[in-house]
2 protein chains.
Amino acid sequence: MEADRGVLKEFEEKARVLGIKITPQRLAIYQELARRYDHPSVEEVFAPLREIMPGLSMATVYRTLRFFEEKGLIQRVPSVDDKVRYEGEKAPHAHFVCEKCGRIIDLEVDFSPCLDLKVMESRGLSPKRWELVIYGLCSKCTSS
Amino acid sequence: MEADRGVLKEFEEKARVLGIKITPQRLAIYQELARRYDHPSVEEVFAPLREIMPGLSMATVYRTLRFFEEKGLIQRVPSVDDKVRYEGEKAPHAHFVCEKCGRIIDLEVDFSPCLDLKVMESRGLSPKRWELVIYGLCSKCTSS
DNA sequence: ATGGTTGCAAACGCTTTGCATAACG
DNA sequence: CGTTATGCAAAGCGTTTGCAACCAT
């Protein structure tokens with residue numbers, strides 16, 4: 001409850017700053033993503049919301065998530081299964097994907113010292129951001 | 001010519017070892033990928049081959065590339081534009097993707113010392129392989 | 001008032017699949 | 001020969017879009 005109120009205020013503030021309209025759908029989608037710590041696909045965001053908002057349409061969820069991402073409110077997860085996935089605002093991090101169960105785990109990896117910026121500069125490349133995905137087996141799938 | 005003959009022998013040898021059938025389509029697809037140094041989509045593999053092999057079907061190209069990948073003959077490129085892309089056999093490397101023109105550039109990045117294996121082990125994760133994609137602007141797009 | 005947002009359904013693009021035919025080993 | 005690969009067309013799937021109705025501001 002309190003957390004929800006915090007998220008509500010947070011969203012209102014951000015919407016105001018960005019100059020975007022607040023609608024019940026947008027608020028619900030924002031809240032759903034804010035309270036989850038996984039990496040839901042569009043369908044996975046849509047399904048629980050539909051329970052409490054029966055009129056909600058997939059098209060709106062698709063549009064809204066894309067819209068939020070353009071505004072920098074959320075981030076797109078590097079595609080690991082040919083579905084669009086999102087996660088809330090977080091610091092840059094890597095993802096570990098279990099090849100067996102598909103679980104996606106956030107990973108703190110500071111590999112910036114290993115990026116040879118000089119080599120990239122010498123090739124005229126201007127790096128802006130990166131995506132690192134590590135594949136393997138998670139703890140559950142290793143032991144079973 | 002000589003190079004082609006080399007690739008032909010190479011493919012025959014590998015097919016023999018793997019126990020897979022050699023067909024004109026498979027040979028053509030293998031050669032096409034072997035002589036390119038980019039990261040073609042299925043369509044981009046198909047188009048030039050169709051010129052010299054009019055009966056060739058997209059379905060075959062899809063199936064064959066997937067088959068080659070399963071056999072370890074080629075590699076799938078981390079999806080950067082929601083299309084399946086492949087590249088020939090190469091040592092592990094990263095990819096630089098130009099956000100403006102979409103060009104994909106191979107990058108030698110040895111960041112293994114930066115992967116904190118102990119942290120992953122302590123979490124019960126067993127890493128097998130990784131994909132690193134760096135986004136930014138390429139030399140052409142930086143200067144224009 | 002009015003420009004932006006929604007829901008619906010249709011369209012879309014890429015990829016996969018069922019099936020009959022053809023071809024490799 | 002028996003098994004496997006091919007071509008064709010149709011289906012599949014996630015995603016996007018056109019449009020009329022609707023709603024924040």
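Order of the sequence lines fixes the chain letters, A, B, ..., with proteins taken first and strands second; residue numbering starts at 1 for each chain.
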Counting only side-chain N and O atoms of A:Q25, is one of them less than 4.0 Å from OP1 or OP2 of D:dC23? no
Using a cut-off of less than 4.0 Å, is there contact between a side-chain N or O of A:T60 and OP1 or OP2 of C:dG7?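 So the side-chain polar atoms of A:T60 do come within 4.0 Å of the phosphate oxygens OP1 or OP2 of C:dG7, strictly under.
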Base [N] to side chain [X], donor-acceptor N/O within 3.5 Å cut-off:
X	N	value
B:R63	D:dG7	yes
B:K21	D:dT3	yes
B:R16	C:dG25	no

Which whole-number value in Å describes the distance from [X] [atom1] to [N] [atom2]?
X	N	atom1	atom2	value
B:L18	D:dT4	CG	C1'	16 Å
B:F67	C:dT16	CZ	P	15 Å
B:D81	C:dG13	CG	P	15 Å
B:R66	C:dT17	CZ	P	6 Å
A:Y86	D:dG14	OH	C1'	12 Å
A:I29	C:dT5	CD1	P	12 Å
A:D82	D:dG12	CG	C1'	14 Å

Salt bridge [X]-[Y], side-chain N to carboxylate O under 4.0 Å:
X	Y	answer
B:R129	A:E99	yes
B:K14	B:E89	yes
A:R16	A:E13	yes

Of the listed nucleotides [options], the one nearest the side chain of [X]:
X	options	result
B:A59	C:dC24, D:dC8, C:dG7	D:dC8
A:P24	C:dG18, C:dG7, D:dA24	D:dA24
B:S57	D:dC8, D:dA5, C:dT15	D:dC8

Using a heavy-atom cut-off of under 4.0 Å over every strand shown, decide if [X] touches base, sugar-phosphate, or nothing.
X	result
A:I20	nothing
B:E43	nothing
B:R26	sugar-phosphate

Relative to the 5' end of DNA chain C, which residue comes earlier, A:M58 or B:Y62, by the nucleotide with the nearest heavy atom? A:M58
Based on the rotation axes of five pairs at each end, what angle does the helix from C:dA1-D:dT25 to C:dG25-D:dC1 bend through, to 10°?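 Here the helix ends are tilted 40° relative to one another.
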